[in-house]
2 protein chains.
Amino acid sequence: MHVFWSKGYAATSMTDLLDAMGLSKSSFYEFFGNKHDAFMAALRRYADREVARLDASVCSGGCARRLIEIQLRGVIDRPTGEGDRRGCLTVNCAVELAPHDPVIESAVTAHMDRMEELFHRLIARGQAEGGISSRQDARMLARYLLNGLCGLQVMAKAGRDAKSLEDVVSTILTALD
Amino acid sequence: MHVFWSKGYAATSMTDLLDAMGLSKSSFYEFFGNKHDAFMAALRRYADREVARLDASVCSGGCARRLIEIQLRGVIDRPTGEGDRRGCLTVNCAVELAPHDPVIESAVTAHMDRMEELFHRLIARGQAEGGISSRQDARMLARYLLNGLCGLQVMAKAGRDAKSLEDVVSTILTALD
DNA sequence: AAGGTTCTGGACCATTTGGTCCAGAATAGG
DNA sequence: CCTATTCTGGACCAAATGGTCCAGAACCTT
């Protein structure tokens, strides 16, 4: 999965894949069928994990606004800590494959829908509790946050410096006041 | 250029390239040297065009806030009008190649720096004129807008519906109040 | 029409691509 | 210990990859 994640679909060869998975060619085709299906499996697994993480965060019951901040800041902290900036698999797919591959596109759409939904729930709660301003519609704010998150993912991959990303996060958050 | 733009680097074969450019193989290698250099040429040309466009907009002297809105909304209007959603070449590069290709990365960085700079100038003017609130730092707002733009580019490529993108644009803009 | 220059089509190259297949090694169960 | 099952390494495949090279067509200029 990590190979696809950091190199993208087209740039990942079967050799790369087999090396990374420590699997024989025969077993690979036995399990996955072909390269494309293996990629789909990786994408689905990634999306599920990511959704589960945000879901757990939402359900934790912490301050909504603070949880959102953590979610955004997570994008900044991760890439610097790891070897290479692989970003978000779904964003990578959206850019590399979604326009030409309907199967991938629907997986991307599904992931984004679920993320938007979780943000929406979080925001609605924050508005009820008073931590987030009710002057703006919760649905709109959810979409806005999802967009900001995707933007950050791109900026981080592009290698923008930490200060710039910090500025972005804090400016995004002011929309919640 | 359009082929690279819509298919990405790795997924574009020499055959695709030659067909699209209507050029013989020999002439291609005469002009560009190799595939990678051809891509760099396309990227540089794209970035220059894009910067020139925003620059012209900034220099037009119109209402800063309105010009920003047009710039953001441009991302939404384009993809639906054209055949396929190719998005922004620089964003595509940032995602597909920047982390593994220093030459591409610096081109991406340069483009983003220039865009940020133009946004900064536009915002500073808007603040001086009063159309944009001065409660936030112009540099931060510029980075914030660049981020929002990248996000929109991803969302559009992912095939999010028009209403969602509209919501995002208008919510982004409220940060200028 | 002759000459020189520019461009082209395609032959050709080694390498790599995703994918199939099977003999045999390793493992597990009795 | 012997059989079943699972897994592996590698041979093999046709097709496509990026790239080189050159004979000749097409184009100017004189």
Side-chain angles (χ1 to χ4, degrees), chain A residues 1-47 83-84 86-87 89-90 92-108, chain B residues 1-47 83-84 86-87 89-90 92-108:
Chain A
M1 180 169 107
H2 289 257
V3 207
F4 276 139
W5 195 352
S6 73
K7 302 187 65 171
Y9 180 75
T12 300
S13 71
M14 287 306 301
T15 314
D16 294 331
L17 228 31
L18 300 178
D19 286 357
M21 307 200 309
L23 210 63
S24 72
K25 210 167 198 175
S26 355
S27 304
F28 176 88
Y29 281 98
E30 176 71 19
F31 289 163
F32 297 105
N34 56 49
K35 190 188 172 186
H36 188 269
D37 287 357
F39 187 82
M40 282 305 301
L43 176 56
R44 291 220 174 84
R45 207 180 130 208
Y46 171 84
D84 59 343
R86 42 190 143 83
L89 223 205
T90 299
N92 299 354
C93 283
V95 171
E96 189 194 353
L97 307 165
H100 303 298
D101 188 327
V103 186
I104 298 262
E105 185 188 359
S106 70
V108 168
Chain B
M1 181 168 109
H2 289 258
V3 207
F4 275 139
W5 194 352
S6 74
K7 304 188 65 173
Y9 180 75
T12 300
S13 72
M14 286 307 301
T15 313
D16 295 331
L17 228 31
L18 300 179
D19 286 356
M21 306 199 309
L23 210 63
S24 72
K25 211 168 197 178
S26 356
S27 304
F28 175 88
Y29 280 99
E30 176 71 20
F31 290 162
F32 297 105
N34 56 49
K35 189 187 173 187
H36 188 270
D37 287 357
F39 186 82
M40 284 303 302
L43 177 55
R44 293 220 173 84
R45 207 179 131 209
Y46 171 84
D84 60 342
R86 42 190 141 84
L89 223 204
T90 299
N92 300 354
C93 281
V95 170
E96 188 194 353
L97 307 164
H100 303 299
D101 189 327
V103 185
I104 298 263
E105 186 188 357
S106 69
V108 168

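Lettering of chains follows the sequences in order, A, B, ..., and the numbering in each one begins at 1. No experiment lies behind these values; they were computed from the predicted model shown.
For the side chain to side chain donor-acceptor pair (under 3.5 Å) test, residues two or more places apart in sequence or in another chain that qualify with B:H36 are B:D101. For the side chain to side chain donor-acceptor pair (under 3.5 Å) test, no residue two or more places apart in sequence or in another chain qualifies with A:D37. The side chain to side chain donor-acceptor pair (under 3.5 Å) search around A:S13 returns A:D16, not counting sequence neighbours.
Residue B:S13 is in sugar-phosphate contact alone, with no base atom involved, counting any heavy-atom pair closer than 4.0 Å across all strands shown.
Across the protein-nucleic acid pair, B:F39 atom CZ and D:dT17 atom P stand 17 Å apart, rounded to whole Å.
The stretch residues 15-24 of chain A touches DNA chain C through A:T15, each having a heavy atom within less than 4.0 Å of the strand.
Within the 4.5 Å cutoff, the side chain of B:F4 has no heavy atoms near those of the B:R86 side chain.
From A:F32, atom CZ reaches atom CE of A:M21 across 5.0 Å, with rounding to the nearest 0.5 Å. Atom CE of B:M40 sits about 8.0 Å away from atom SG of B:C93, to the nearest 0.5 Å.
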Below 3.5 Å, can you tabulate the donor-acceptor pairs from side chains in residues 22-30 of chain A to any protein atom, sequence neighbours excluded?
residue	atom	partner	partner atom	Å
A:S24	OG	A:S27	N	3.2
A:S24	OG	A:S27	OG	2.9

remark   = With B for base contact, S for sugar-phosphate-only contact and - for none (protein heavy atoms under 4.0 Å), nucleotides 19-24 of chain C reads BBBB--
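With B:L97 as reference, B:I104 is the one residue of B:V103, B:V108, B:L43, B:I104 to meet the side-chain contact (heavy atoms from CB on, under 4.5 Å) rule.
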